[in-house]
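The sequence lines fix the lettering, A, B, ..., with proteins before strands; numbering per chain opens at 1. Just so you know, these numbers use all the heavy atoms, side chains as well, and skip hydrogens, waters and symmetry mates.
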There are 2 protein chains.
Amino acid sequence: MAGRAISGPCQAWPEESGFIREVLDRIGDKWTVLVISTLSGSSLRYSDLQASIPGISQRMLTVTLKALERDGMILRTAYPEIPPRVEYELTALGRSLLDSAMALVSWAVAHHEDVGASRRAHEQTGVGREKARAAASEDSPVR
Amino acid sequence: MAGRAISGPCQAWPEESGFIREVLDRIGDKWTVLVISTLSGSSLRYSDLQASIPGISQRMLTVTLKALERDGMILRTAYPEIPPRVEYELTALGRSLLDSAMALVSWAVAHHEDVGASRRAHEQTGVGREKARAAASEDSPVR
DNA sequence: CCGTATCCTCTATGATACTG
DNA sequence: CAGTATCATAGAGGATACGG
């Protein structure tokens with residue numbers, strides 16, 4: 001749709017943005033990171049995953065697992081027993097993503113307080129309802 | 001909401017999952033990573049950002065910038081000139097997230113072919129329409 | 001036990017038009 | 001230039017019930 005509609009100053013995001021968005025969508029969705037993180041230790045059964053991830057619905061667990069399997073991140077193995085048993089485990093590709101994803105999780109753990117503080121500050125000082133200063137001098141920008 | 005409803009085998013994700021999800025939602029949304037990446041080089045004006053990120057709407061650019069500012073990732077500075085000028089730049093917190101996010105982007109660049117191959121393989125072999133084997137021996141699981 | 005099939009809601013995103 | 005306001009929509013995600 002966009003094509004090369006823009007001939008602006010600097011085309012920061014040429015064509016890579018396509019599959020970058022794909023990956024970000026995948027890891028950004030509500031459960032993917034939780035699932036692969038849960039599988040980091042050992043292979044698990046469907047019901048184990050559901051028990052280990054509080055709040056996930058059957059539907060979303062299934063959908064997430066299918067997507068990850070399709071993308072080669074996890075391996076699904078069904079044992080035709082009675083009762084049925086299915087095990088999920090990370091592939092090498094899945095583990096490689098886990099590394100990068102955990103960096104993000106670590107960031108979250110390390111900085112969530114900073115983010116919280118910033119949010120509180122913005123509520124108090126009423127940023128957003130900022131008072132437009134009448135003065136217009138070059139050296140006193142309005143925050 | 002979940003509380004401690006589950007008393008299962010191993011509580012893999014206790015309470016951290018809350019703010020982990022918050023961070024993942026933020027970086028997972030359609031434009032955040034593109035915006036902070038674009039700001040990695042230098043501070044930019046609103047219109048520069050819009051020109052540098054093909055396909056973003058005014059609304060989403062504004063929404064994304066507000067969210068990032070609220071979370072302390074970027075700093076907004078308005079110069080009360082005519083015409084108005086507003087500059088956005090990454091804060092230290094924003095740059096720290098950029099590092100982790102770029103790790104993910106690097107992963108995408110490095111492995112998007114593997115993912116593509118896996119997807120094609122799943123389409124061809126018809127995984128999902130897997131043939132249920134009649135046999136039920138312990139040592140021959142169905143993939 | 002391991003899912004699939006439906007229905008339903010809510011949010012993210014976009015298009016468009018207007019303002020300081 | 002730098003937004004804000006409003007309306008519309010697709011799809012993610014959840015609840016529930018049924019099937020192999």
Side-chain angles (χ1 to χ4, degrees), chain A residues 1-2 5 8-9 21 24-32 34-35 43-51 53-69 76-88 127-134 136 141-143, chain B residues 1-2 5 8-9 21-22 24-35 43-69 74 76-88 127-134 136 141-143:
Chain A
M1 299 185 181
R21 285 296 335 286
L24 292 173
D25 276 352
R26 174 74 15 94
I27 65 95
D29 79 57
K30 207 165 181 175
W31 303 109
T32 295
L34 258 27
V35 168
S43 62
L44 290 174
R45 306 177 57 165
Y46 184 90
S47 50
D48 291 335
L49 283 167
Q50 192 162 31
I53 305 173
I56 195 170
S57 63
Q58 282 193 325
R59 175 182 152 78
M60 287 329 296
L61 180 54
T62 300
V63 168
T64 304
L65 288 171
K66 291 244 179 198
L68 287 173
E69 188 195 3
R76 175 185 185 275
T77 309
Y79 298 88
E81 308 167 344
I82 304 293
R85 180 165 57 101
V86 179
E87 300 236 330
Y88 293 92
V127 176
R129 298 175 293 147
E130 68 189 42
K131 356 172 176 195
R133 299 258 300 275
V142 176
R143 287 271 187 89
Chain B
M1 297 185 179
R21 285 297 333 289
E22 272 188 61
L24 292 173
D25 275 352
R26 175 73 16 94
I27 67 94
D29 79 56
K30 206 164 180 174
W31 303 109
T32 295
V33 171
L34 259 27
V35 167
S43 64
L44 291 173
R45 306 177 56 164
Y46 185 90
S47 51
D48 291 335
L49 283 167
Q50 193 163 32
S52 297
I53 305 174
I56 196 170
S57 62
Q58 281 192 326
R59 175 179 155 76
M60 286 331 299
L61 180 54
T62 299
V63 167
T64 304
L65 288 171
K66 291 244 177 199
L68 286 174
E69 189 195 4
I74 63 175
R76 175 186 185 276
T77 309
Y79 298 88
E81 309 168 343
I82 304 293
R85 181 166 56 103
V86 179
E87 299 236 330
Y88 294 92
V127 176
R129 298 176 294 148
E130 70 188 39
K131 357 171 177 199
R133 300 258 300 275
V142 175
R143 288 268 190 87

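In this structure, of C:dG14, D:dG13, D:dT4, it is C:dG14 that holds the atom nearest to the side chain of B:K30. Side-chain proximity of A:P84 to the nucleotides C:dC1, D:dC1, D:dG14 is greatest for C:dC1. The B:M60 side chain lies nearest to C:dT13 when the options are D:dG3, D:dG13, C:dT13. Residue A:T62 has its side chain nearest to C:dT4 when only C:dT4, C:dT13, D:dA2 are considered. The side chain of A:R59 approaches D:dG13 more closely than any other nucleotide in the set D:dG13, D:dG3, C:dT13.
How far CG of B:L61 is from CD of B:Q58: 8.0 Å, rounded to the nearest 0.5 Å. Atom CH2 of A:W31 is separated from atom OG1 of A:T64 by 8.5 Å, given to the nearest 0.5 angstrom. Rounded to the nearest 0.5 Å, atoms CG (B:L49) and CD1 (B:I74) are 8.0 Å apart.
Distance A:Q50 CD to D:dG13 P: 16 Å, rounded to the nearest Å. For the pair B:L49 CG and D:dG3 C1', the computed distance is 13 Å after rounding to whole Å. Rounded to an integer number of Å, the gap from CD1 of B:I82 to P of D:dA2 is 12 Å. For the pair A:L61 CG and D:dG14 P, the interatomic distance rounds to 11 Å; values are reported in whole Å. Whole-Å rounding puts the A:Q58 CD to C:dC2 C1' distance at 8 Å. Rounded to whole Å, atom P of D:dG13 lies 10 Å from atom CD1 of A:I56. C:dT13 atom C1' lies 15 Å from atom CG of B:L65, rounded to whole Å. Taking atom CZ of residue A:R76 and atom C1' of nucleotide C:dT4, one finds them 12 Å apart after rounding to whole Å.
At C:dC2, one or more side-chain N or O atoms of A:R45 fall inside 4.0 Å of OP1 or OP2 (strictly under the cut-off). Considering only side-chain N and O atoms, B:R21 lies nowhere under 4.0 angstrom from the phosphate OP1 or OP2 of D:dG13. Within the 4.0 Å cut-off from OP1 or OP2 of C:dG3, at least one side-chain nitrogen or oxygen of A:Y88 is found. The phosphate of C:dG3 (OP1 or OP2) has no side-chain N or O of A:K66 nearer than 4.0 angstrom.
Checking side-chain atoms of B:R85 against main-chain N and O of B:R45 turns up no donor-acceptor pair under 3.5 Å.
Side-chain contact between B:L65 and B:Y46: present, with at least one pair of heavy atoms (C-beta onward) separated by less than 4.5 Å.
For the pair A:D29 and B:E87, nearest-nucleotide mapping onto DNA chain D gives the more 5' position to B:E87.
Using a 4.0 Å heavy-atom criterion, one finds that A:S47 contacts the sugar-phosphate atoms exclusively.
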